[in-house]
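We use all heavy atoms of the structure for the numbers below, so side chains are in, but hydrogens, waters and symmetry mates are not.
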Amino acid sequence: MAHISSKERELIRCIIRAFCPPKHLGHLDRMTRRAESFLEDLWAKGSDRADDLRQILTLLDVVLSFVDRKDREAVRLRLDEIEKGQGIFGLGGSQIRELARFAQRLGTIVVYSTLDDNGRPFAAADVGYEVFPDRAGIPAFAPPQEDVLPTELFIKPGDPVPSEVFDVAVIGSGSAGSVLVQRFVRAGLRVALVEAGIYLPESEAATSPAPAGRKRPRVWDELANLTAYYKHSGLQTTERPGPLSNPASSQTVSLFVFQGEGLGGSSVINNAVCFRMPQKVRDSWKHEFGIPWTGPELDAAYDRIAAELSIQPTSAAVVESRFNPTFKLLETATERLGLGQHVQPCEVNIQDCLGCGYCNLVCGYLRKRDVLQTMLADAARSVAAGTGKLTILTGRRAAGFRMVQGKSVLSATALELRPRNEHFTGGLLRAKKFVVAAGAIGSSAVLERTREIDEIGLPIGDRFSCNFASPVHADYDQPVRAFDGLAMSHFVEMPGETDFVVETWYNPPATQFLALPGWLHEYEENLKRYSHYACAAPLIGSSAQSWIDTRWMRHGEDIHLEFNSEDLAKLKRGLLHVCKLFFHSDPEPRHVLLGALESWKLTKHNYEQRIASISSFSEIQLTTGHPMGGNCMSSVPGTNAGPGVVDPSFRVYGTANVFCADASVFPTSTGVNPHWTVMAMADFAAAAIAKA
């Protein structure tokens, strides 16, 4: 573990002091320790983002040279200067501005997520936020009892890898991997499951820690949940634009890419929204990529998953009083605009939702039916009943396969494992078949790091895409309290638009503030309006022209995200429609806040002109939790001038026993949350792989 130096500690303390409201400076020691703990945990996970953060802190140390760091106003003045582009030592423009913005984000998220002696975020109370147990009128509920997976299923990270040859090894335990494991175990197979993260229970009422020896954090503890359940503790980012980025054509886009890490993967942090693949996307996959299963086979799989996860409309899963209040504002807007019933309840894998608003912090009240509560729990019960075998290896990364050359294809004999925070070999896992399901980024890394597979010449890592969004905040005179209810409860399909949907959205303060625009004094004024905001975002499927690069000497992956002029046009149309909806709501907002770096406060009279003026993705904040592609499924392999890495039966081209079945095989983005599609695909992939 890399420890924080005393110099770094004082720098972090200085940054927190700069952005902490003066009334809370008495908690400065507590907040500094909180930031230290977060960074130490990041280094302990072996994340390459820890080194990036250390470099950023070094640069901040340079730009704050000759400043009295105990003088709050002097530090704020210097940060204000560099945010305005007054650089030093050759740093200037956007580079130096990003340093100031990083400092603001770091200080703010630490201030608003630090807990007091009663386990409450003390600064968050200033902006009208209450943790779920403290809210008036919450529904009565019995503490859930979680079935913690049996300890005997797990191989501890420090223990030897079993010497037996498994029938199948699955890499990754998320939406795809857990479905595959459950299906394989049900079929009586001996299954090994590899997961880079650890296993934590979800329920706040869990009476014992998981086999890793840790209990989950408090349900509303934002920083601790990011550390426990998110890849790179929520700090995974794409590569930043270079100096030659051309706004007129493709643009390299910098944004956060949120993915789960830990047993259950992104399934446990997914906001529970479930969409079937749009017909437009199905047709593209079938006719352009030769994928035959996008019709009745896929629908049948959707139905099977829906039955197991209790997928149903929010109107059935949640009482109306527990919806995100934003939906009512959108409903009044569609009525005023004469659009009819275009505000629709999302389908969700939830039962008896309490509306706590913590879906993306993991459902501590066990209302979300994710893979930990369904697929893996069912697999454990099958093993206990004498059907199949399951061995789970957590805290280990898949470094690549050991391959042998057959007459015409390669065969994998073993998977090389490494401790997640080390570079040395952690043992070999042997199996007859291997299924890569490590997510759209991790799966590309596993295949690319296998030299023999990489040398086949397949376009591994190419055709990467995502769904992206830019939240819009509407500021109302009276409190909206959008945090008090199921955050993503409804969506709007605008008439004539097939390129995006508009979704309600909200988070607890520290996370939500990452999406708020503004700098320093204006930003601080925006923070105070937290309880007055309604928030919605256009969700847009990007073009599939990006790619993943593997760093051979490190654990991480480089994500090169490029959007084109069509992506920008879709974003602008989406933002235009969201603003139009808010400005036609009843009541009408005072203004809306666009996630832009400049001119972000919009009125009913200028929003169209402002959005039309956007010429580059560098002008606006974006985010994604839906990475897709990298190992394109196609009937034409890359070795034959096609895009294919994986064939329509999920086998990696040029191999006999290596398969891939997760979002990385998507030829294009789905344009909607891919969670349900990933699980449905894994459902019938399991049968195909078992027979292969």
Side-chain angles (χ1 to χ4, degrees), residues 108-109 111-116 119-139 141 204 217-226 234 258 269-273 314 317-330 346 348 350 353-365 367-368 469 471-491 503-517 523 525-537 582 585 589 592-593 595 623 625:
T108 301
I109 195 170
V111 167
Y112 285 93
S113 64
T114 299
L115 308 182
D116 61 19
R120 302 298 190 264
F122 51 83
D126 296 346
V127 298
Y129 171 75
E130 302 157 333
V131 299
F132 181 65
D134 297 344
R135 298 174 199 167
I138 64 171
F141 64 94
E204 67 158 1
R218 286 185 175 92
V219 177
W220 52 84
D221 189 336
E222 296 183 70
L223 271 185
N225 278 281
L226 286 173
F258 295 108
I269 63 168
N270 184 57
N271 46 41
V273 175
T314 52
V318 193
V319 297
E320 184 171 314
S321 62
R322 308 312 301 162
F323 289 152
N324 182 338
T326 301
F327 96 96
K328 274 293 186 185
L329 297 166
L330 295 178
C346 296
V348 290
I350 294 177
C353 180
L354 302 174
C356 67
Y358 298 137
C359 283
N360 294 133
L361 295 183
V362 183
C363 186
Y365 303 110
R367 309 299 162 143
K368 183 164 60 178
V472 175
H473 293 77
D475 188 350
Y476 290 84
D477 286 324
Q478 298 300 315
V480 176
R481 292 175 59 88
F483 63 85
D484 190 11
L486 178 63
M488 201 166 285
S489 60
H490 290 73
F491 70 99
E503 298 176 328
T504 63
W505 190 74
Y506 222 66
N507 285 297
T511 311
Q512 191 69 26
F513 289 161
L514 294 176
L516 271 181
Y523 182 67
E525 289 303 308
N526 289 344
L527 302 185
K528 295 175 184 177
R529 302 293 296 174
Y530 171 80
S531 65
H532 290 257
Y533 293 130
C535 187
F582 277 136
S585 66
V592 302
L593 307 183
T623 186

[atom1]-[atom2] distance between [X] and [Y], expressed to the nearest 0.5 angstrom:
| X | Y | atom1 | atom2 | value |
| --- | --- | --- | --- | --- |
| N270 | N360 | CG | CG | 7.5 Å |
| Y476 | H532 | OH | NE2 | 13.0 Å |
| C359 | M488 | SG | CE | 9.0 Å |
| C363 | I350 | SG | CD1 | 7.0 Å |
| L593 | R529 | CG | CZ | 10.0 Å |
| L361 | T511 | CG | OG1 | 5.5 Å |

If every non-hydrogen atom of [X] is compared with every non-hydrogen atom of [Y], which pair is closest and at what distance?
| X | Y | result |
| --- | --- | --- |
| P471 | A537 | CA-CB, 3.8 Å |
| P217 | A224 | CB-CB, 3.5 Å |
| R481 | G128 | NH1-O, 4.0 Å |
| R135 | G355 | NH1-O, 4.0 Å |
| V318 | L486 | CG2-CD2, 3.8 Å |

Review point. Is the gap between the ring centers of Y358 and Y365 under 6.0 Å?
Key: no

**Study point:** Near-ring test F513/Y530, centroid separation under 6.0 angstrom
**Key:** yes

Is the shortest side-chain heavy-atom distance between [X] and [Y] below 4.5 Å?
| X | Y | value |
| --- | --- | --- |
| D475 | P589 | no |
| R322 | D484 | yes |
| W220 | P133 | yes |

Review point. For A510, what residues pass the side-chain contact (heavy atoms from CB on, under 4.5 Å) criterion, not counting sequence neighbours?
Key: I109, Y112, S113, E222

Point to revise | Verdict with reasoning, Y533 to T326, per side chain to side chain donor-acceptor pair (under 3.5 Å) | key: CA-CA 9 Å; Y533 293 130; T326 301; over 6 Å; no

Exercise for review: Sequence neighbours left out, what passes salt bridge (charged side-chain N to carboxylate O under 4.0 Å, His left out) with D221? Give chain and number order.
Suggested key: R34

Practice item. Kindly write out the residues that satisfy salt bridge (charged side-chain N to carboxylate O under 4.0 Å, His left out) with R218, not counting sequence neighbours, or none if the list is empty. Key: none

Practice item. Ignoring hydrogens and angles, tell me if any N or O in the side chain of E503 forms a donor-acceptor pair with the backbone of F491 under 3.5 Å. Key: no

Practice item. Please confirm whether the backbone N or O of C346 pairs with a side-chain atom of S489, one donor and one acceptor, at under 3.5 Å? Key: no

Practice item. Using ring pair (Phe, Tyr, Trp, His ring centres under 6.0 Å) as the criterion, list what pairs up with F323, not counting sequence neighbours. Key: F327, H490

Point to revise | For Y129, ring pair (Phe, Tyr, Trp, His ring centres under 6.0 Å) partners two or more places apart | key: F483

Can you give the donor-acceptor pairs under 3.5 Å from side chains of residues 119-126 to other protein atoms, not counting sequence neighbours?
unit_1, atom_1, unit_2, atom_2, d
R120, NE, D134, OD2, 2.7
R120, NH1, N118, O, 3.1
R120, NH2, D134, OD1, 3.1
D126, OD1, K23, NZ, 3.4
D126, OD2, H24, NE2, 2.6

**Study point:** Chi angles and distances behind the side chain to side chain contact (heavy atoms under 4.5 Å, CB included) call for F132, L354
**Key:** CA-CA 9 Å; F132 181 65; L354 302 174; 3.8 Å; yes

Practice item. Dump the intermediate steps for side chain to side chain contact (heavy atoms under 4.5 Å, CB included) on W505 and N324, then the final yes or no. Key: CA-CA 8 Å; W505 190 74; N324 182 338; 5.8 Å; no

Exercise for review: Kindly indicate, with the supporting measurements, whether the criterion side chain to side chain contact (heavy atoms under 4.5 Å, CB included) is fulfilled by F141 and R367.
Suggested key: CA-CA 11 Å; F141 64 94; R367 309 299 162 143; 3.4 Å; yes

